[in-house]
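Throughout, a chain's letter reflects where its sequence line sits, starting with A, and its residues are numbered from 1. All values reported here derive from a predicted model rather than from experimental measurement.
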Amino acid sequence: MPELPEVETIVRRLRSSVMGRRIVAFHSRCAKQARPNVAAVRRAVVGQTIAQLGRRGKYIVFYLEHSGFLLVHLGMSGRLGVLSNDDQSPRHVRASWELDDGNRLLLSDARKFGRIEHVADLAAATAGLGIEPLSSAFTAAWLAAELRKRSRQLKPLLLDQSLIAGLGNIYVDESLFRAGVHPLTRCDRLDRRQTAALHRAIREVLREAIRYEGTSFDWAYRGGRMQARLKVYGRAGEPCRRCRTPIAYLRVSQRGTHICPRCQPAPRSDRTEPAEQP
DNA sequence: TGAATTGTTATCGT
DNA sequence: AACGATAACAATTC
């Protein structure tokens, strides 16, 4: 389940081996994963040089020298890596890019939730994505203003890619814990102190996760060391690292959610959830 | 066996 | 009408 820190790590690892390389061939046997379709992607990328590799939210962005951009979204099980000629091919390869140095870039993706898309206009294609949480535009004042505009529960709001791009289930839970805020809190009910704490927590958690090259949880993403530093995610029943209270597991908008019931007290019940009417 | 996972889309209610 | 909540869906592993 690659989120912003995992995608950033992949981009950094990949950069040196794909930048300046020309794409010699493109193959995909998974028609539904390529947009607008496999043939269009092949036409657009074959013969092109990769000028730069970047990230926007959870998207990996290939800056093609003469024909727009290739966006790769890893979904929840996608892995992108360069294979040397003599390496063994991973399982579930859905797409491959043959490079002019003889190496191959592979997308392996067991669950096929990943997407490959060629676009002419990067700004237009990513217009639906919200702010980059590590950019200087993401300030406590900005967050406070956005939280005031709405009334949703905090967790689904933070997962909404159209407000903040790149947060997923792991780092939302971690951010809320570090801010000491309950995921069911209505977003317009945070006071100034809590908003500042949340803003700070999001940036600190993402920065730390990038420093430790992301969270390796299962076969879907390997190589990270952040899992050892997580405070709540995946720690249901284990003692809180701050107060020893067992970490609780609940479900918030269909997502598994981890909290410390003591460090993240439940919001006052008035108007937090829709009142139960008989 | 079912729970878990992301993002998109549809639908319903307020 | 706009917003928010909810469910379904894609597919596979453990």
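Distance A/K155 NZ to C/dG4 C1': 18 Å, rounded to the nearest Å. The distance from atom CZ of A/R186 to atom C1' of B/dT14 is 13 Å, rounded to the nearest whole Å. A/L157 has its CG atom 9 Å from the P atom of C/dA5, to the nearest Å. Atoms CZ (A/R91) and P (C/dT12) sit 11 Å apart, rounded to a whole Å. Across the protein-nucleic acid pair, A/D160 atom CG and B/dT6 atom P stand 14 Å apart, rounded to whole Å. Distance CG (A/D188) to P (C/dC3): 14 Å, rounded to an integer number of Å. Between A/D109 atom CG and C/dT13 atom P the separation is 11 Å, expressed in whole Å. Between the CG atom of A/L159 and the C1' atom of B/dT8 there is a distance of 14 Å, rounded to whole Å.
Between the side chains of A/Y59 and A/Q161, not a single donor N or O lies within less than 3.5 Å of an accepting N or O.
Side chain of A/S67 to backbone of A/A44: a donor-acceptor contact under 3.5 angstrom is found.
A/S253 comes within 4.0 angstrom of no nucleic acid atom, judged by non-hydrogen atoms across all strands. A/R150 comes within 4.0 angstrom of sugar-phosphate atoms only, judged by non-hydrogen atoms across all strands, and of no base.
In this structure, A/E65 does not pair ionically with A/R22, as no charged nitrogen and carboxylate oxygen lie closer than 4.0 Å.
Sorted by first and then second residue, the side chain to side chain donor-acceptor pair (under 3.5 Å) pairs involving residues 172-184 of chain A (not counting sequence neighbours) are A/K155-A/D173, A/D173-A/H258, A/R178-A/E208.
Relative to the six-membered ring of A/F177, A/R241 misses at least one condition, a distance below 6.0 Å or an angle of at most 45° to the axis.
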Salt bridge (Lys or Arg N to Asp or Glu O under 4.0 Å) evaluation trace for A/R55 with A/E132: CA-CA 10 Å; A/R55 179 192 59 77; A/E132 281 293 324; 3.0 Å; yes

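Taking only side-chain atoms of A/R94, from C-beta outward, the nucleotide of C/dG4, C/dT12, B/dG7 with the closest atom is C/dT12. Side chain of A/K112, nearest nucleotide from B/dT6, C/dA11, C/dT13: C/dA11.
Put simply, A/Q254 has no side-chain N or O that comes within less than 4.0 Å of OP1 or OP2 on C/dT6. Look at A/K58 and you'll find a side-chain N or O under 4.0 angstrom from OP1 or OP2 of B/dG7. Close to C/dT13, at under 4.0 Å from its OP1 or OP2, lies a side-chain N or O of A/H92.
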Every protein N/O within reach of nucleotides 2-4 of chain B N/O, cut-off under 3.5 Å:
| from | atom 1 | to | atom 2 | distance (Å) |
| --- | --- | --- | --- | --- |
| B/dA4 | OP1 | A/Y249 | OH | 3.0 |
| B/dA4 | OP1 | A/R251 | NH2 | 3.4 |
| B/dA4 | OP2 | A/R251 | NH2 | 2.3 |

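Aromatic stacking of A/F113 on C/dA10: satisfied, with centres closer than 5.5 Å and planes within an angle under 30 degrees.
Between A/Y63 and A/F69, the ring center distance clears the sub-6.0 Å criterion.
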